[in-house]
Amino acid sequence: MSFVVNGNAVPEPADPRVSLLDHLRETLHLTGTKKGCNQGACGACTVLVDGERILSCLALAVQYDGREITTVEGLAETAALHPLQAAFIEHDGFQCGYCTPGQICSAIGMASEARRGVPSHVSADLAADVVLTRDEIQERMSGNLCRCGAHNGIIDAIQATMAPQATAATSAEMAA
C-alpha cells in the first residue's frame with residue numbers, strides 16, 4: 001500500500017478498519033480536518049481525493065491506497081495561503097473556525113465539479129456551462145454546515161475566489 005497525503009508518502013494505517021479521518025488526525029497528526037458529526041452529515045471532515053471532495057469520516061483509509069489525498073494543510077503552496085484561504089480571511093468567512101477546513105476543501109472540489117459542467121439542483125440549464133452564482137454556490141455547499149453564523153462570509157469568499165465572473169455580472173446587474 002502507498003498513501004500520498006499533501007504530496008508526501010505517509011504510512012498506511014495499521015488497522016484496515018480505520019476511517020480516513022481518524023488516520024489523518026490520529027496517525028498522521030493532520031488535525032486541520034475536523035471530526036464533526038462522524039456520520040457524514042456536517043461536512044467538517046471534507047478532504048480532496050484526486051481533486052474530488054469526499055467525507056473522510058465515511059471512508060476507510062485503505063480505500064484510498066495509491067490516490068492523492070489533500071487536506072487543508074496541503075492547499076497552500078510554499079508560504080502563501082491558497083487564494084480561497086486568503087478570501088476566507090478577507091470576507092470574514094469564519095467565526096469559530098471549526099467548519100472552515102471542510103468548507104475550503106469542499107469549495108475547491110465544488111469549483112472543479114462546476115468547471116466540468118456537473119449540474120446541481122438549481123442549475124437552470126443542464127446543457128449550459130455552470131455559472132457559480134450565489135444560489136448555485138449555496139446549493140452546492142449545502143452539505144457543509146456552519147453553525148456559528150459565518151455563512152454569508154463563506155459564500156462571499158467562495159464567490160470572490162471561485163466565481164469572479166458571476167460576481168462581476170451580479171454587480172453589473174445591480175448597477176443597471
Side-chain angles (χ1 to χ4, degrees), residues 20-21 32-59 63-64 67-77 80-176:
L20 180 57
L21 172 62
T33 305
K34 303 300 184 208
K35 184 179 280 193
C37 67
N38 208 30
Q39 298 176 349
C42 72
C45 68
T46 304
V47 298
L48 301 168
V49 176
D50 297 332
E52 299 282 327
R53 56 186 172 164
I54 68 151
L55 300 170
S56 63
C57 72
L58 296 180
Q63 292 175 268
Y64 298 97
R67 297 180 68 190
E68 177 67 34
I69 300 163
T70 305
T71 68
V72 71
E73 293 94 341
L75 295 175
E77 293 185 25
L81 293 175
H82 183 281
L84 187 56
Q85 291 171 315
F88 264 65
I89 295 168
E90 180 182 339
H91 292 276
D92 294 324
F94 55 90
Q95 280 182 5
C96 75
Y98 198 82
C99 73
T100 304
Q103 296 275 2
I104 290 172
C105 286
S106 187
I108 291 169
M110 177 267 311
S112 176
E113 293 164 8
R115 282 192 300 276
R116 289 192 322 271
V118 177
S120 78
H121 177 70
V122 299
S123 297
D125 184 347
L126 301 182
D129 290 339
V130 174
V131 177
L132 291 175
T133 62
R134 187 171 193 83
D135 287 344
E136 192 74 44
I137 292 169
Q138 287 175 319
E139 170 64 23
R140 290 171 181 270
M141 293 296 294
S142 63
N144 289 78
L145 304 179
C146 169
R147 293 192 169 99
C148 69
H151 180 76
N152 288 327
I154 291 167
I155 300 303
D156 291 345
I158 294 168
Q159 192 165 25
T161 307
M162 303 297 185
Q165 75 283 3
T167 303
T170 302
S171 296
E173 289 169 7
M174 290 192 321

May I ask you to test the Gln63-Leu20 pair for a side-chain heavy-atom distance under 4.5 Å? no
How close do Ala160 and His91 get, heavy atom to heavy atom, and via which atoms? CB-NE2, 3.5 Å
Approximate separation, where rounding is to 0.5 Å, of Ile89 CD1 and Leu81 CG: 5.0 Å
Please examine the side chains of Phe94 and Gln103, heavy atoms only from C-beta on, and report whether any two atoms are closer than 4.5 Å. no
For the CD atom of Glu113 and the CZ atom of Arg115, what is their distance to the nearest 0.5 Å? 10.0 Å
What pair of heavy atoms forms the shortest contact from Tyr98 to Lys34, and how long is it? O-CG, 3.2 Å
For His151 versus Cys146, what's the shortest heavy-atom pair and its separation? N-SG, 4.0 Å
How close do Gly43 and Asn144 get, counting heavy atoms only, and between which atoms? O-ND2, 3.1 Å
If you draw a 6.0 Å radius around CG in Asp129, do more than 12 non-hydrogen atoms from other residues or ligands fall strictly inside? no
Taking it one step at a time, do Val118 and Ser112 satisfy side-chain contact (heavy atoms from CB on, under 4.5 Å)? CA-CA 9 Å; Val118 177; Ser112 176; over 6 Å; no
Is the shortest side-chain heavy-atom distance between Thr46 and Leu55 below 4.5 Å? yes
Side-chain heavy atoms of Ser120 within contact of Met141, under 4.5 Å: no
Just verifying a value: how many Å separate Ile137 CD1 and Gln159 CD, rounded to the nearest 0.5 Å? 4.5 Å
More than 12 heavy atoms from other groups under 6.0 Å of CZ on Arg147: no
Mark yes or no for whether Glu73, through its side chain, and Gly32, through its backbone, hold a donor-acceptor pair below 3.5 Å. yes
Are any non-hydrogen side-chain atoms of Ile158 and Met110 less than 4.5 angstrom apart? yes
Drop me the distance from Leu75's CG to Ile108's CD1, to the nearest 0.5 angstrom. 4.0 Å
From CG (Asn38) to SG (Cys45), nearest 0.5 Å: 7.5 Å
Which heavy atom of Leu145 sits nearest a heavy atom of Ala41, and at what distance? CD1-O, 3.8 Å
Side chains of Ser56 and Ile69: does their closest heavy-atom pair fall under 4.5 Å? no
Test item: Thr133 side-chain N/O and Glu136 main-chain N/O as donor-acceptor pair under 3.5 Å: yes
Any non-hydrogen side-chain atom of Gln39 less than 4.5 Å from a side-chain atom of Cys57? no
Which distance, rounded to the nearest 0.5 Å, do you find between the OG1 of Thr100 and the CD1 of Ile154? 6.0 Å
Please name the pair of heavy atoms, one in Cys42 and one in Gly36, separated by the smallest distance, quoted to 0.1 Å. SG-CA, 3.8 Å
Applying the side-chain contact (heavy atoms from CB on, under 4.5 Å) test to Val47, which of Val72, Thr71, Leu21, Thr70 qualifies? Thr71
